[in-house]
Amino acid sequence: MHFQLLTAFTAHRQAYDAGYIHGDISAKNIFLYPIGTTKSADGTEELVYQAILADWELAKRTGEEYDLIRQRERTVRVLQRHHRAASAL
């Protein structure tokens, strides 16, 4: 399987640039859906998945009281878990 998580990160960056922080980035809020196939190094076909960052009801304006450093640290921990899980596949 091939995951395109960059789209979820891009969505968060675009929201941040517009003045919002997601507020709850976790495995349950990153949806993967198949968008096609690709050939792996050994020539077999693999599904390609696109990521969507969902569940925006906890999003906050960046001007509100919000611990941005804590959110970034949490995001890094979540991304590290996703990377380990994806590497195990």
With sequence neighbours excluded, residues passing salt bridge (Lys or Arg N to Asp or Glu O under 4.0 Å) with D17 | R13
Quick one: list whatever passes salt bridge (Lys or Arg N to Asp or Glu O under 4.0 Å) with K39, sequence neighbours left out.
-> none
Below 4.5 Å, heavy atoms only, C-beta onward: do Y20 and R61 meet side chain to side chain?
-> yes
Y49 vs I35 side-chain heavy atoms within contact, under 4.5 Å = no
Does any N or O in the side chain of N29 come within less than 3.5 Å of the main-chain N or O of D24, such that one atom is a donor and the other an acceptor?
-> yes
For the residue pair [X] and [Y], what are the closest heavy atoms and their distance?
X	Y	result
T37	V48	C-CG2, 3.9 Å
S40	E46	CB-OE2, 3.4 Å
A51	I30	CB-CG2, 3.9 Å
L53	A8	CD2-O, 3.8 Å
W56	A11	CH2-O, 4.2 Å

Whether H22 and H12 hold their rings parallel, tilted or perpendicular, with breakpoints at 30° and 60° | tilted
